[in-house]
Every structure is written in structure tokens, then in C-alpha cells.
Amino acid sequence: MKKSARFIALLAAVLLIAGSLAGCGGSSETQRAQTDGKNFTFWCVMDGFSQASLKNYNEMLFYQKLEEVTGVHIDFIHPIEGSTGNEAFIAMLTGDDKPDLIEYNWGNYSGGPQQALDDDVIIALNDYLEDHAPNYYDYLEGEKGKANDYMWKLQASTDDGRYYGFNVLDIGTQKCFNGIYVRADLLEKWGMEVPETIDEWTAIFAKAKSEGFEKPFTSICNYLSFNAESQYSFNTAYNVGKNFYLEGDKVVFAPFQPGFKEYIAQLAEWSKAGYIDSGFVTNDGAKIESNLYTDVSMAACGFVGSGIGKILPAGMGKNPEFDLVGCPYPVAEKGGSSEFQPINPAASYLAIGITPECGNYEKAIEWCDFIYGEEGMEYQLFGIEGDTYTMVERDGEMHYQYTDKITKDYEKDGLASVSEALYHYMLPTNHPGLNQHPDYLYGYYELDRQKEAVLTWNIHAEEAKKHAMPRLSYTEEESREITDIKEIAEAELEVAICDIILGKKSIDTYDAAIEAAKANGYDRWLEIIQTAYDRYISKFDK
């Protein structure tokens with residue numbers, strides 16, 4: 001934990017230096033060599049699924065079609081195999097030959113996207129979008145943006161209102177894709193219902209223990225501890241979130257809330273009874289799978305794809321009766337509702353930025369904008385009609401549906417899974433463009449249990465939106481201060497909480513651990529986030 005924090009601090013410092021070098025590079029619009037906009041260089045990290053079958057994005061059907069219809073050729077620059085995106089990004093920034101476009105998670109840049117603009121690493125797009133990116137502009141400030149309460153605009157711009165790139169925009173109706181799942185075949189065998197409350201979970205764990213399950217619930221640390229706001233579990237039954245979240249316009253920290261102490265006390269009780277896998281601190285995905293396959297455990301937390309989508313068919317291969325079902329986020333009373341669950345942001349920091357060195361801003365922006373229109377969206381998310389998708393009627397409406405080439409016959413093209421097939425031909429999610437299209441999700445999730453789980457995990461999504469932290473931007477000074485606090489305080493608090501869960505320390509030590517966390521900087525960390533959030537909401541008035 002300490003080593004990871006030190007690496008983050010080092011990375012932040014290096015990125016700060018890189019940003020300063022970029023700012024001193026002397027790039028300006030007058031130094032640009034104007035081009036006809038038919039060729040651009042584009043630095044980006046290839047998607048992991050794409051790397052399984054492609055050496056360069058120029059081999060991808062989506063980009064080939066994009067070149068055909070736009071007349072623009074892209075020379076992709078991908079980091080060499082084995083290097084991380086951040087290492088390669090630093091090397092690219094400090095090199096002599098800057099690309100025209102950069103795809104990057106700008107939240108990782110020291111000082112965030114606002115500092116990247118100030119350092120002249122990328123340019124602000126405000127003066128160009130309305131005329132040269134009408135599709136993207138519509139999502140930000142047009143009718144589509146208005147219909148979404150301008151959430152894409154707020155989360156795709158800096159605190160001072162500048163647009164720094166073409167972001168990943170979430171257009172999906174479902175906002176949560178992970179949660180708790182349990183062996184449905186065992187519940188049926190034991191005459192028990194899918195649990196909603198802590199008491200029902202306790203009864204199920206007790207029954208599983210009596211039936212020989214050594215560790216009824218298996219997990220990794222993030223689902224049980226506090227420091228991963230995207231990975232919730234039983235905390236929802238205590239009306240408390242994870243990490244930092246919102247109560248109105250006030251930022252709060254979950255472990256400081258009374259409900260979180262109650263939640264940890266419950267986990268400690270379950271741990272003492274032998275219901276929780278004590279290896280959660282060091283477990284990984286492979287260990288979770290092994291525990292479920294070998295009847296060591298019968299419930300876990302995970303994602304709809306890498307969890308249920310992977311484990312269920314493999315489990316059925318070992319035991320035809322093996323079945324998994326997604327469980328609703330726990331509530332205090334049966335039939336009640338929860339105000340908490342993970343929520344995807346409206347726009348992520350991952351975006352395509354235009355560099356000052358780009359020879360033709362307008363044409364580059366027009367090329368980027370294409371994927372936010374209907375035609376470009378189809379190519380990126382679904383491919384070519386009649387080849388990778390067809391149109392079908394479902395529920396009285398026409399929908400995109402992937403062909404067998406994607407969902408069943410992918411092995412004929414040397415591909416190992418639906419995921420590899422999708423990212424061999426297209427870039428359907430988690431890339432700049434329109435993310436989480438409902439038809440993509442319907443096609444990607446092969447199993448009915450996956451589709452059911454997504455609906456179950458989103459039961460309380462509307463309420464949870466009120467507490468979800470948006471993507472915030474921090475100044476360089478704030479970023480450095482947060483890094484320093486993390487180095488001192490985060491691991492210490494996590495160890496203290498995990499020790500209570502594991503029974504190494506009493507729940508009576510919880511308050512002292514919280515006071516130590518506050519003294520080590522968490523009060524200041526909370527203050528910094530509140531300041532950043534206040535800047536964010538000030539954009540509503542603009």
C-alpha cells in the first residue's frame with residue numbers, strides 16, 4: 001500500500017515536470033504548419049482486448065470505415081508493448097515530435113485537464129465546437145445537453161469552463177454494472193429467497209456454513225473497505241456510501257459517518273462466525289473464482305461481465321446445476337429502498353485532445369466530431385450493417401443486434417471471446433464517443449442472468465445519483481497535497497478497518513482510528529474536495 005502511494009507521488013511529480021516542459025515548448029498557433037487536414041498523427045494506448053488480435057488501430061474495421069467516409073487518414077502511435085500508458089505519455093510529452101491528437105485520461109495529469117490546457121499540451125475547443133463539431137456540441141450545449149440537465153457539459157469542461165477534448169459520454173440508462181451475486185441453485189435447494197436485508201444475508205451465510213461452505217462470502221478488499229467508491233457491498237443497508245460522496249452540496253467521508261461504523265461492526269461479526277473469507281485483503285479475481293467453483297464460497301461481489309459472465313458458464317461446465325443471480329443492494333428493512341450504489345459519471349476524463357502542433361485544428365475537430373453523430377456512432381459501436389450487426393424489432397421498436405460473427409462465430413476469426421470480437425472490429429465502450437448504448441449492453445451480455453443483474457443493481461439508481469461525486473478537477477497544489485495525505489493516512493486507515501473486520505482489533509478501536517485519520521490529513525483532504533466541488537457547482541450558474 002505504501003509502495004503504491006509513493007509511486008503515485010512520483011508519477012505526479014514527473015507529470016508536473018512533463019507539463020512544465022510542454023508549457024515551455026514554445027508551441028503556438030503561428031508556428032503550426034497548415035495542412036489540408038487529410039492526415040493526422042494520433043497518440044493513444046490500444047484497448048487490451050484489441051491488442052489480442054491487432055497490432056495497430058488502422059487494422060480495425062471501425063477506423064477503416066472512418067477513413068473511407070471522412071477522407072482522413074490517421075497515423076496511430078501506440079506505446080510499445082509492456083509500457084504503461086502513463087510512462088509512454090511522459091515519454092511522448094518530453095519528446096521532440098508531438099502528435100496532432102492525444103487520447104488520455106486527463107485526470108491523471110498533475111493539475112488535471114485545466115493544467116494540461118495551461119501548459120499548452122492541448123488546446124481549448126470552445127471557439128471551435130459550435131461551427132466544427134455540431135454533434136458533440138449538441139450533447140454539451142444543445143438540445144441533447146439540455147435534456148440531460150447539461151451534465152455532459154459540466155463534467156466534460158474544466159472549472160473555468162473550457163472544453164479540453166472529446167470525452168467519453170455516457171448515454172446509457174443503466175449506471176451500475178457491479179454488485180453482489182449468490183448461488184441461485186443453492187437458494188432454491190434450501191428454500192430461501194434472494195436476500196434483501198442483513199438479517200436475510202446472515203441466515204443464508206449460516207445455512208451455507210452448516211452445509212459445509214468454509215467461507216460463504218468471498219471478496220477482494222475494495223468491496224469491503226472504504227477506499228473504492230465504485231465498489232459497494234453491504235454498506236448500503238446502513239444508509240452510507242463509500243469513500244467520499246455527497247449529502248446535498250456537502251462532501252462527506254464514509255468512515256466518518258455513524259452508519260459506516262455499524263457496517264464494519266457487522267462485517268466483524270460475520271468474520272468471527274466464519275462467514276467471510278479472511279483472505280479478502282490479498283484475494284484476486286482468480287481466487288474468487290476458485291472459491292466459487294470448489295464450493296468453498298457461495299456468494300461474492302463482482303462485475304456483470306468479468307464476474308457473472310465469466311464465472312457462471314465456467315461453473316456450469318463443472319456442475320450443470322451451478323447458477324448465479326445478482327442480488328439487490330442490501331436495505332435496512334425488507335421492501336425498503338437504498339440511497340446508495342455505484343453510479344457511472346456522465347463524462348469521464350478520458351478524452352481526445354488536440355495539440356497546439358496540430359496543423360489544422362478545424363479538420364481534426366471535424367474528424368473527432370463524426371463519432372458523436374448517428375452514422376459515426378453506428379460504425380464505432382456496432383460496425384457495418386449486415387456484417388457485424390442487423391436491425392431487429394424488439395418491444396415494438398427497432399434495435400441494433402450483433403450478428404453471429406460477433407456473438408457466436410468469433411472463433412472462426414481466431415478470437416477468444418465476444419469481448420475480443422467487439423474490440424477487434426469496433427470500440428464499443430470506454431473510449432471517446434458515446435458510451436453504454438443500451439443495444440450494446442443487450443448484445444454484449446450473452447446470459448439472461450447478466451441482463452437481470454444489471455436491472456437489479458440499478459433499482460436505486462435515481463436515488464443514488466443524488467450522492468454520486470462528479471469528476472472533479474484539482475489544482476497542482478491540491479493534487480500534490482492529496483498525494484502527500486494519501487501517503488500518510490490512507491493505508492493506515494485501511495489497515496485499521498481491515499484489522500477490525502478480521503477480529504485482530506475490537507470495534508472499540510474504530511473511533512480512535514478515525515481520529516488518527518483526521519489528524520493525519522483526512523480533514524484537510526475533505527476540505528480540498530469540498531473546495532473542488534464548490535468550483536464544480538459554480539459552473540451551474542455559468
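- Without hydrogens or angle criteria, Asn178 side chain to Gly302 main chain gives no donor-acceptor distance under 3.5 Å.
- Distance CD1/Ile384 to CZ/Phe62: 10.5 Å, rounded to 0.5 Å.
- Taking NZ of Lys412 as the start and CG of Asp404 as the end, the distance is 8.5 Å to the nearest 0.5 Å.
- Residues Val418 and Lys408 are not in side-chain contact: their nearest non-hydrogen atoms beyond the backbone lie 4.5 Å or more apart.
- Phe370 contributes atom CZ, which lies 3.5 Å from atom CD of Glu375 (distance to the nearest 0.5 angstrom).
- The two residues Leu187 and Val182 make their nearest non-hydrogen contact at CD1-CG1, 3.7 Å.
- Between the Gln530 side chain and the Leu526 main chain, no donor and acceptor come within less than 3.5 Å of each other.
- There is a side-chain donor-acceptor pair under 3.5 Å between Tyr104 and Asn86.
- Between Tyr63 and Tyr57, the gap from one ring centroid to the other is short of 6.0 Å.
- In this structure a side-chain-to-backbone donor-acceptor pair under 3.5 Å is present from Asn435 to Asn430.
- The salt bridge (Lys or Arg N to Asp or Glu O under 4.0 Å) search around Glu200 returns Lys334, not counting sequence neighbours.
- Of the possible donor and acceptor atoms, one in the side chain of Asp284 sits under 3.5 Å from a partner among the backbone N and O of Lys287.
- Counting all heavy atoms, side chain and backbone alike, Leu140 lies closest to Lys153 at O-CB, 3.2 Å.
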Determine, stepwise, if the pair Met377 / Tyr400 fulfils side-chain contact (heavy atoms from CB on, under 4.5 Å). CA-CA 12 Å; Met377 179 275 293; Tyr400 297 94; 3.8 Å; yes
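- Ring to ring, Phe340 and Tyr245 are close: their centroids are under 6.0 angstrom apart.
- To the nearest 0.5 Å, atom CZ of residue Phe303 and atom SG of residue Cys176 are 8.5 Å apart.
- Formation of a donor-acceptor pair under 3.5 Å by the Glu196 side chain with backbone atoms of Gly335 is found in this model.
- Looking at His399 and Glu393, their side chains never bring a donor and an acceptor atom within 3.5 Å of each other.
- The two residues Arg471 and Ala347 come nearest to each other via the heavy atoms CG-O, 3.5 Å.
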Give the intermediate values and the outcome of side-chain contact (heavy atoms from CB on, under 4.5 Å) for residues Phe382 and Gln401. CA-CA 8 Å; Phe382 301 103; Gln401 179 171 289; over 6 Å; no
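- Counting only N and O atoms by type, the side chains of Thr202 and Tyr275 include no donor and acceptor under 3.5 Å apart.
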With side-chain contact (heavy atoms from CB on, under 4.5 Å) as the test, would you mind laying out the steps for Ser337 and Glu463 before giving the verdict? CA-CA 9 Å; Ser337 63; Glu463 284 297 313; 5.6 Å; no
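- Between Phe256 and Phe253, the angle of the ring planes goes over 60°, which puts this pair in the perpendicular group of the 30/60° scheme.
- A salt bridge does not link Asp413 with Lys405: none of the charged nitrogens is closer than 4.0 Å to a carboxylate oxygen.
- Formation of a donor-acceptor pair under 3.5 Å by the Lys504 side chain with backbone atoms of Ile501 is not found in this model.
- Gln436 and Tyr440 share no donor-acceptor pair across their side chains, judged by distance under 3.5 Å alone.
- A donor-acceptor pair is defined here as one N or O able to donate and one able to accept, closer than 3.5 Å; no such pair exists between the side chain of His467 and the backbone of Glu247.
- Using modelled atom types, no side-chain atom of Asn291 and backbone atom of Val296 make a donor-acceptor pair closer than 3.5 Å.
- A cation-pi contact, defined as under 6.0 Å to the ring centre and within 45° of the axis, links Arg394 to Tyr442.
- Partner Trp270 forms a ring pair (Phe, Tyr, Trp, His ring centres under 6.0 Å) with one of Phe280, Phe205, Trp201 and no other, that one being Phe205.
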List the steps and the verdict of side-chain contact (heavy atoms from CB on, under 4.5 Å) for Ile500 and Tyr510. CA-CA 8 Å; Ile500 292 173; Tyr510 185 89; 3.9 Å; yes
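- Classification of Glu211 and Lys207 as a salt-bridged pair holds, one side-chain N sitting under 4.0 Å from a carboxylate O.
- Counted by atom type alone, Gln64 and Asn58 present zero donor-acceptor pairs between their side chains at under 3.5 Å.
- The line from NZ of Lys146 to CG of Asp138 is 12.0 Å long, rounded to the nearest 0.5 Å.
- Taking the centre of each ring, Tyr136 and Tyr139 stay at or above the 6.0 Å mark.
- Salt bridge absent: Asp323 and Arg183 never bring a charged side-chain N and a carboxylate O closer than 4.0 Å.
- Under the side-chain contact (heavy atoms from CB on, under 4.5 Å) test applied with Val454, the options Leu441, Val304, Ile308 reduce to a single match, Val304.
- Side-chain contact annotation: Asn135 with Asp369, donor-acceptor N/O pair under 3.5 Å present.
- Using modelled atom types and a 3.5 Å distance limit, the side chains of Asp47 and His431 yield a donor-acceptor pair.
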May I have the step-by-step check of side chain to side chain donor-acceptor pair (under 3.5 Å) for Tyr402 and Thr390, ending in yes or no? CA-CA 6 Å; Tyr402 293 114; Thr390 58; over 6 Å; no
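- Taking CG of Asn283 as the reference point, atom CG of Asp277 lies at 4.5 Å (rounded to 0.5 Å).
- Ring geometry, Phe322 versus Tyr293: the interplanar angle falls from 30° to 60°, so the pair is classed tilted.
- For Lys451 and Tyr445, the positive end is not near the middle of the six-membered ring at less than 6.0 Å and at most 45° from its axis.
- Side-chain rings of His424 and Tyr410 stay apart, their centers remaining 6.0 Å or farther from each other.
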Dump the intermediate steps for ring-ring contact (aromatic ring centres under 6.0 Å, His included) on Phe234 and Phe217, then the final yes or no. CA-CA 12 Å; Phe234 302 99; Phe217 181 77; 5.2 Å; yes
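- Ring pair Phe260/Tyr263 is perpendicular by interplanar angle, where above 60° counts as perpendicular and below 30° as parallel.
- Between Leu224 and Ser233, some side-chain heavy-atom pair lies under the 4.5 Å cut-off.
- Between Glu289 and Lys310, at least one side-chain N (NZ, or NE/NH1/NH2) sits under 4.0 Å from a carboxylate O, which counts as a salt bridge.
- Distance alone, capped at 3.5 Å, is enough to place a donor-acceptor pair between the Thr236 side chain and the Pro330 backbone.
- In this structure, the side chain of Asn319 engages the main chain of Glu321 through a donor-acceptor pair within 3.5 Å.
- Residues Gln341 and Ile459 are not in side-chain contact: their nearest non-hydrogen atoms beyond the backbone lie 4.5 Å or more apart.
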